[in-house]
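Below is one structure; the comments refer to it alone.
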Amino acid sequence: MSTKIGVITFPGSLDDRDALRAVGLAGAEPVSLWHADANLRGVDAVILPGGFSYGDYLRAGAIARFAPVMEPLMRAAAEGMPVLGICNGFQILCEAHLLPGALIRNQHMHFRTRDLWLRVENHRTAWTSSYEPGQEIQVVLKSGEGRYVADARTLDELEAEGRVVFRYLGENPNGSQRDIAGVCNAAGNVVGLMPHPEHAVEALTGPSTDGLGVFTSVLAHLARVSSGTSTATAGAASR
Amino acid sequence: MTQQITLDSVEHAAATPEVVQPYAELGLREEEYLNIREILGRRPTQSELAMYSIMWSEHCSYKSSKVHLRQFAQKQPPSDRLLAGIGENAGVVRVSDTLAVTFKIESHNHPSFVEPHQGAATGVGGIVRDILAMGARPIAVMDPLRFGAPDHPDTRRVVTGVVAGISQYGNSLGLPNIGGEVVFDPCYQGNPLVNALCVGVLPVERLQRKAAAGVGNVVVLLGAKTGRDGIGGVSVLASATFDETSQQRRPSVQVGDPFTEKLLIEACLELYEANLVVGIQDLGGAGLTCALSETAAAAGTGMRIYLERVPLREPSMEPHEILASESQERMLLIVEPDKLETVLEVARKWGVLATALGEVTDTGRLVITWHGQTVVDVPPSSLADDGPVYNRPLQRPSDLALLEADRAETLPRPTTPEELRATVLRMAASPNLADKTWVTEQYDHYVMGNTVLAQPEDAGMLRLEDSGLGIALSCDGNGRYTRLDPYNGARLALAEAYRNVAVTGATPVAVTNCLNFGDPEDPAVMWQFAEAVRGLADGCAELGIPVTGGNVSFYNQTGSVAIHPTPIVGVLGVIDDVRTRVPMGFAESTDGHVVFLLGRTQLELSGGEWAWVTHGHLGGKPPAVDLAHERRLATLLSQARTRRLLSAAHDLSEGGLAQALTESTLRRGVGVRVSVPADLDAFTFLFSESTGRVLVSVPEERVAEFTALCDQHEVPHTRIGVVDASSGALTVEGQFTIPLDELRRAYSGTLPALFSGTTT
């Protein structure tokens, strides 16, 4: 039976079809999930895609976190199901407190679309295991509220526990603290990042195919879990 | 205590013929007003007067342009691809047995000066609904923009607002922005041009019509609530010249909500998929007035509308305000009664309001009641089709002869290698030629995952199917060329857009346009318009591709000073396999490939960027245009692409070869070495703006095959150099070398220096 990966469409989600395409290219069965669903339709992992859910009204992600589908998602995440938030999905995961910190307006105040490089700082999460330690990957950033912020203690904790998953290389594109582009929860099954790996899966339409590793990682992770060779979840670096 | 105001019902109007009505304030002439009284056999009610004043405005009725625009249909070359053409919301072109593409440009110029952010944002929203109304999923947008002088104190307000508005609205809709133009010229200071192009794709059988057919069918309003925003926006702003009070007209500018529009798009697409609508029309300029009268007129039916059912943001709105409101994000549907409940269910799923307003009748009258009293009772075609038509006087501008005589070819030119080198850098850094990344990186060009080419490439390209079938799009215009020669200026814009599509390897198949001009009541402006339309219609006939639709924007004028006549031409191309597209830039992997210049170079500087940047000069005759040559060139490029002979191709336009080399090297940071052909001087070689030229690179081992193909198509070709990755520089042998780092600093520094940082 093939692995099923769900992508939630909220009202205002935009990169949902791109995420579904990336899932398919990675070799999994893509499943569309709807914000009003009461269950996750039997998927093995879930992606919250980019976009402007609920028009980003109030605050980016602030309304989506109350969508009906978030209830089963929160339970599944607590039980170790891999969950990935991309861009607006990352914002929703932060609003839902599945991930620490917040995303605020870019320091330079403009929306910015740019091909840029990230370093994979933690290759042991459910979504990064296909990468080499410290691998540098080229992906797409496109956001107006992508500046990652948290209090100093949280940032120190994230660093100490190896929960900074991706870091911007070169010029910091939005003023994110400590150049952080993506983080994970303590268990390593929930990952959020501002850049878009799903836009770097085909040479024809993306700057590289480096993003595909995110989606093949979760397949490898799920295969390890089902064969019992995984230690429950990928776990964070220093735990 | 409530205040009782007498409703101006039809009954009341018939009983009070003597009431003096403010038709002049609403922009109607006395003879137009008398004509309305004759049509109705009485004076119009307040609501009817509002409706006629909007529908008979220049913007809605095309009353000054109609007599000229007919040429597009009259001179139209035969095309088996055209499924819907002029007169529909947008032209529809067949691209395969099963798929069609629809595209159109519209202007939102006047609102974008008054309130740049919302003006530009709602410009995107409006054109997207036009495309949606054809049954298509919108798949990309492009924005040709014109601003005033870059260093003028007001330009920053307009530029930052317009770009942020397009960015916010387009990005929130999830539509990739794949190209456009950013041009500065003092003539646009008080009249910036914000044109918006949208393209959509649909299965051929899903094509929608706007006709309100089928007596007894239900008229449904879908989308946002109706508010007081934008009342008279179209007729007030776009049908008169600007004066000092224009900035006080902010309330006439609509306010956009892209989130609602995104839901509206998804809801409409679901309705189409389930075959739930008989007819559909977007609500844009002129709001309900336009949608009701056009759908009824198109079907030749009547309509009965209960106006009090319209969901309002402000309960105190009066009937004439509801009819005139330009509140955004609304569509009008015609639905069979037994499908109404399913339609409402789809709307509920997407969280979009849907309200049955009334039904289609066989009376031939549009009858609108307000709480039981009839406030409108008119023949719908009198609003939609029978507006006034003017054959306005034309006169060649009195200054044109002098302007033509003042040729740029007589200006002093740089000659030494040092002077030429400095000129390349100065040109690359000039605002019109400089890197536009500061603008385009505020737009999302990745969303939807099908963008194969986007700015700064010559054309945007989208994949439509996994088979590789795709489309290419470019829009171009040159106000200075058109100022000097409107007939050829329009043909030059067409040639440029056509060539930009052709260099990617796609085959141009259809044309849309947005004609931006000054005051049509000025015979000189009207002459420019007539000449430009004639040029564009002739040009399309020569190239063998039809005009599928377009938009006219008049009154781009402050006081007595009009903008340069600025026809923007959009060309759509089709490519069978996007994987074989030809990029504009040299690459590491193409090191050593041979560089050719296609086309013929002559000393043509008038109206060009060099004359403007170095001498502030505008005069003479624009470069000659040869559309038969353009056609041969396009065929050559398409065949060369199919045979994989080209590793890069880049159109030459403003700034000539020097600028093309700058762009092709900086695209991927790969250098080039060229030498001046024996029959040309270095200046002409580098800076002439002769048209019909393309820079290409060809693998050494394919050169013979390529030149044979050029000969076969009678396209002149000159071998000028090689791609030289290791040099890291742009070198003109025997003249100068510019390291790419230095070139990039010049090219990329200008716009951030002008517009970065927070606005005050």
Side-chain angles (χ1 to χ4, degrees), chain A residues 9-22 24-25 34-36 49-58 60 63-64 67 86-88 105-116 139-145 173 195-207 211, chain B residues 137 160 163-164 166-177 256-267 329 348-352 437-455 461-463 466 468 470 577-581 752 755-759:
Chain A
T9 298
F10 298 92
S13 290
L14 304 176
D15 302 280
D16 42 349
R17 279 175 296 166
D18 305 279
L20 289 165
R21 180 196 293 270
L25 286 170
W34 180 242
H35 71 111
F52 293 76
S53 59
Y54 299 93
D56 271 3
Y57 295 139
L58 188 56
I63 302 177
I86 303 169
C87 196
N88 190 228
R105 189 91 191 264
N106 292 347
Q107 203 160 26
H108 47 74
M109 306 298 278
H110 296 296
F111 189 99
R112 180 168 280 177
T113 303
R114 193 172 274 190
D115 303 343
L116 45 66
V139 291
V140 174
L141 179 74
K142 51 185 189 88
S143 46
E145 299 183 15
H196 291 259
E198 83 283 17
H199 286 297
V201 295
E202 289 182 283
L204 184 68
T205 55
Chain B
R137 174 178 280 282
T160 53
V163 173
I166 292 168
S167 159
Q168 184 243 345
Y169 204 102
N171 295 350
S172 303
L173 282 186
L175 294 177
N177 191 315
D257 174 9
F259 176 56
T260 302
E261 179 119 327
K262 167 69 179 168
L263 301 179
L264 194 60
I265 292 171
E266 299 302 334
E329 293 93 24
R348 267 195 296 277
K349 174 188 166 187
W350 287 101
V352 180
T437 300
W438 183 86
V439 172
T440 58
E441 78 171 3
Q442 297 187 47
Y443 306 151
D444 179 354
H445 61 269
Y446 278 111
V447 67
M448 288 188 155
N450 287 314
T451 306
V452 177
L453 297 173
Q455 62 274 8
M461 185 179 286
L462 300 166
R463 171 176 61 189
D466 287 336
D577 187 354
V578 292
R579 285 163 293 204
T580 62
R581 87 286 186 203
F755 303 120
S756 267
T758 48
T759 45

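Every chain is numbered from 1 and lettered A, B, ... according to where its sequence line falls, protein lines coming before strand lines.
Residue contact with chain B, scored on non-hydrogen atoms closer than 4.5 Å, involves the backbone and the side chain of A:Pro207 alike. Proximity to chain B is limited to the backbone of A:Ser13, based on heavy atoms less than 4.5 angstrom apart. Interface residue A:Asp115: only side-chain heavy atoms are found under 4.5 Å from chain B. Looking at A:Tyr54, both its backbone and its side chain come within 4.5 Å of chain B, counting heavy atoms on both sides. Looking at A:Glu198, neither its backbone nor its side chain comes within 4.5 Å of chain B, counting heavy atoms on both sides.
Rounding to the nearest 0.5 Å places CH2 of B:Trp438 at 10.5 Å from CZ of A:Arg112. Of the inter-residue distances, the one linking A:His110 atom NE2 with B:Gln442 atom CD reads 5.0 Å to the nearest 0.5 angstrom. Remark: A:His196 NE2 to B:Asp444 CG distance equals 7.0 Å, nearest 0.5 Å. Rounding to the nearest 0.5 Å gives a distance of 11.5 Å between OG1 of A:Thr205 and CG of B:Leu453.
Nearest heavy atoms, A:Tyr57 versus B:Pro258: OH-CD, 4.4 Å. What you find for B:Met448 and A:His199 is that their closest heavy atoms are N-CE1, 4.3 Å. Between B:Leu263 and A:Gly12, the shortest heavy-atom distance links the atoms CD2-N, 4.2 Å. Across all non-hydrogen atoms, the minimal contact from A:Gly55 to B:Phe259 is N-CD1, 3.2 Å. When all heavy atoms are compared, the tightest approach of B:Tyr446 to A:Thr113 is CD1-CG2, 3.9 Å.
Side-chain contact annotation: A:Arg21 with B:Asn450, donor-acceptor N/O pair under 3.5 Å present.
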Discussion item. What verdict does the side chain to side chain contact (heavy atoms under 4.5 Å, CB included) test give for A:Lys142 and B:Asn171, after you've listed the backbone C-alpha separation in whole Å, the side-chain angles of each residue and the deciding distance to 0.1 Å?
Written reply: CA-CA 9 Å; A:Lys142 51 185 189 88; B:Asn171 295 350; over 6 Å; no

Worksheet entry | Pair B:Lys262-A:Leu14, side chain to side chain contact (heavy atoms under 4.5 Å, CB included): steps then yes or no | CA-CA 9 Å; B:Lys262 167 69 179 168; A:Leu14 304 176; 3.6 Å; yes

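Note: B:Trp350 and A:Trp34 have perpendicular aromatic rings, judged against thresholds of 30 and 60 degrees for the angle between ring planes.
With chain A as partner, the option from B:His445, B:Met461, B:Glu266, B:Arg463 having the largest number of non-hydrogen pairs under 4.5 angstrom is B:Arg463.
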